[in-house]
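Worksheet: one structure, shown below.
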Amino acid sequence: MQIPSFSNTIIQWYNQNKRDLPWRNNKDPYSIWLSEIILQQTKVAQGTPYFLKFIENFPDVLSLSKAKEEEILRLWQGLGYYSRARNLHKCAKILVEEYNGIFPSDYKTLLKLPGIGKYTAAAIASIGFDAPVPVVDGNVYRVLSRIFGMFDDISNVSTFKLFFNLSQDLLHPKASGAYNQAVMELGALICHPVAPQCEECPFHNQCFALNENKIQLLPVKTKKVKKRSKTIYYIVLKWNNQIALTIRDQDGIWKNLYEFISMETTKEPDEIDLLDHLKTLFHGLPSIHSIGPIGANMQKHILTHRIIYANFIEIELNSTNAVAFKDNKFQWYGIEKADELPKPILIHNYLNEHFF
DNA sequence: AACACGGGGAC
DNA sequence: GTCCCAGTGTT
C-alpha cells in the first residue's frame, strides 16, 4: 500500500465515522490531557462520566492544582488505577508552579511530567498541537500489525520502536492529531481484538491479516500473566448509624485508600476468629449487639494479576459503644467523639453502591 | 525487562 | 474462565 494513501484514507474514514465525544469539542490541551489520563487502560464508556465530572468540578488546570488530593480521589473512586489520580494532581501542580499553567507542546517535555508516558505525551503533542509524533497503544499495535502483516511480538519491548517508526512514516505530517486518532478509532470501532468487522473497514482489500486469514494471530502477544487469588473478609462494623473504616497501608493494591475493617485469610473464619481480630485491633472487645451471617455476600473482583474474593460480615455494636480511627489506629471513644471518623475515599464499586 | 496496578465488558 | 482495553511507574 502506498504510504500517502494510507494516511489520507484513514483520516477520511475518521472524519466520516468518528464518535462525538466530549473531549473532541475543542483542542484545549487540558481536556485532551484529562481525557487521555482517564482513558488509560479504560474504555470510553467507563471513562466518559468521570471526564464530565472532572471538567465540571475542575474546568482548568489551575482549579485542579488547588484541589485537595482527597477531593480528586473521591471523584476518581470506582475507576481504578488510583495512582493516575494522584499523578494527575501532582502534574497539575507542576504545570501551575513551573510552567505558568501552560501545557508544553513538546513531546520530550511532556514526557517528564508525572503520569505522562510515551503514549500520553504523543497524544497531547499530536492532538493538541499537531506535532508529528505517532501514538503507539493497543489499537495501533492491532491495526498496523493486521494491515501490514507484522508478526513481531508486542510483548517484546524492542517491538515498540518498530511500530513507532512505521506509524511515524505513515502519519500525515500536517494532520498527525487526526491521523493518530483515526488509527485508534478504527481499532476501537472496527478492528476489534475479537471478531473485527472487516466488511466495514476501509482497508479490507489491502489488509494482510484478512487476505491471509490470520486475523486471530495478530497482533502477536506472548506475555502471559499469572493470576493469584486471595480472600479478604470485610467486617462492616456498625454502631449508631455509623460504619468503621480503616486505611490500607502504603504498599500494594488500593494503597492509602479507606476500606471496612479487613481480615485476609486462607481459611473461612468463624465468629471466634472475627472477635479475636476485633479484640486485637481495638485492644479490647466492645459489646456486640448482633453479628450478621458469615459468607453471605461474597463478591469477586477480577484484577490484572489476581482474583480477590471479598466477603462482607456485618457486626452491630451496642449503642453504648463508639469507635474512631485516629492516629492510624482504632480507639474507643464516647459516643460524642464518633463523628471524628475521616471522610471515606472508597476502594471499589461494591462499597460505593451499597454503603455510601 | 519484569512486575504491579482496577475495573468492566465481550464471549 | 479468558482475553482485552486509547499505559505508567517502580524495581
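Remember, predicted model here, so these are calculated numbers, not experimental data.
- Computed from coordinates, the L73(A) CG to dG7(B) C1' distance equals 16 Å when rounded to whole Å.
- Applying the side-chain hydrogen bond (donor to acceptor under 3.5 Å, both in side chains) test to E212(A) and every residue at least two apart in sequence or in another chain returns nothing.
- If you take CD of Q46(A) and P of dG7(C), they are 12 Å apart, rounded to a whole angstrom.
- For residues 176-193 of chain A, the salt bridge (charged side-chain N to carboxylate O under 4.0 Å, His left out) pairs, not counting sequence neighbours, are R19(A)-E185(A), R24(A)-E185(A).
- Relative ring orientation between F164(A) and Y107(A) is described as tilted, the plane-to-plane angle lying within the 30° to 60° band.
- Contact annotation: W254(A) side-chain N/O to dA4(B) OP1/OP2 distance is not under 4.0 Å.
- Side-chain proximity of L39(A) to the nucleotides dT8(C), dA6(C), dG6(B) is greatest for dA6(C).
- In the model, D60(A) has a side-chain atom that pairs as donor or acceptor with a side-chain atom of S63(A) under 3.5 Å.
- Picking from dC4(C), dA6(C), dG6(B) the nucleotide with the shortest atom distance to the side chain of R19(A) gives dA6(C).
- The base of dG6(B) sits within donor-acceptor range of the side chain of T42(A), with an N or O pair under 3.5 Å.
- Nearest nucleotide to the K43(A) side chain, out of dG6(B), dC4(C), dG7(C): dC4(C).
- Y119(A) and E36(A) share a donor-acceptor pair across their side chains, judged by distance under 3.5 Å alone.
- Evaluation of the salt bridge (charged side-chain N to carboxylate O under 4.0 Å, His left out) rule for E199(A) yields no partner, not counting sequence neighbours.
- Nucleic acid contact class of R86(A) (heavy atoms, under 4.0 Å, all strands): none.
- In terms of phosphate contacts, Y141(A) brings no side-chain nitrogen or oxygen within less than 4.0 Å of OP1 or OP2 of dA6(C).
- Comparing dC11(B) with dA6(C), their P atoms are spaced 15 Å from each other, to the whole Å.
- For dG7(C), one of the phosphate oxygens OP1 or OP2 lies less than 4.0 angstrom from a side-chain nitrogen or oxygen of Q41(A).
- To the nearest whole angstrom, the two P atoms, one in dG6(B) and one in dT11(C), are 15 Å apart.
- Following rounding to the nearest Å, L189(A) (CG) and dG9(B) (P) show an atom-to-atom distance of 18 Å.
- E185(A) comes within contact range of at least one nucleobase, with a heavy-atom separation under 4.0 Å.
- Rounding to whole angstrom units, OH of residue Y107(A) and C1' of dG7(C) are separated by 12 Å.
- With no hydrogens or angles considered, a side-chain donor-acceptor pair links Y179(A) and S167(A) at under 3.5 Å.
- To the nearest angstrom, C1' of dA6(C) lies 11 Å from CD1 of I37(A).
- Of the candidates dA1(B), dG7(C), dA6(C), the closest approach to any side-chain atom of V157(A) belongs to dA1(B).
- Remark: P of dC11(B) and CD of Q216(A) are 14 Å apart, rounded to the nearest angstrom.
- A perpendicular orientation is assigned to the rings of W76(A) and F54(A), their planes being inclined by more than 60° (bins at 30° and 60°).
- Protein atom CD of Q197(A) is 13 Å distant from nucleotide atom P of dA10(B), rounded to whole Å.
- Judged by distance alone, the side chain of D137(A) and the main-chain N or O of N139(A) form a donor-acceptor pair under 3.5 Å.
- Contacts with DNA chain C (heavy atom under 4.0 Å) in residues 23-36 of chain A: R24(A), E36(A), listed by number.
- For dG7(C), the base has no donor-acceptor partner in the side chain of Y119(A) [N/O atoms by modelled type, under 3.5 angstrom].
- Among residues two or more places apart in sequence or in another chain, the side-chain hydrogen bond (donor to acceptor under 3.5 Å, both in side chains) test is passed with K161(A) by none.
- The 5' end of DNA chain B is approached more closely, in terms of each residue's nearest nucleotide, by N156(A) than by the other of N156(A) and G80(A).
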Are there any protein N/O atoms within less than 3.5 Å of an N/O atom in nucleotides 9-11 of chain C, and if so, which ones and at what distance?
{"unit_1": "dG9(C)", "atom_1": "OP1", "unit_2": "G115(A)", "atom_2": "N", "d": "2.2"}

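- Atom CG of L110(A) and atom C1' of dT8(C) are 15 Å apart (whole Å).
- Within a 6.0 Å sphere centred on NZ of K27(A), heavy atoms belonging to other residues, nucleotides or ligands number more than 12.
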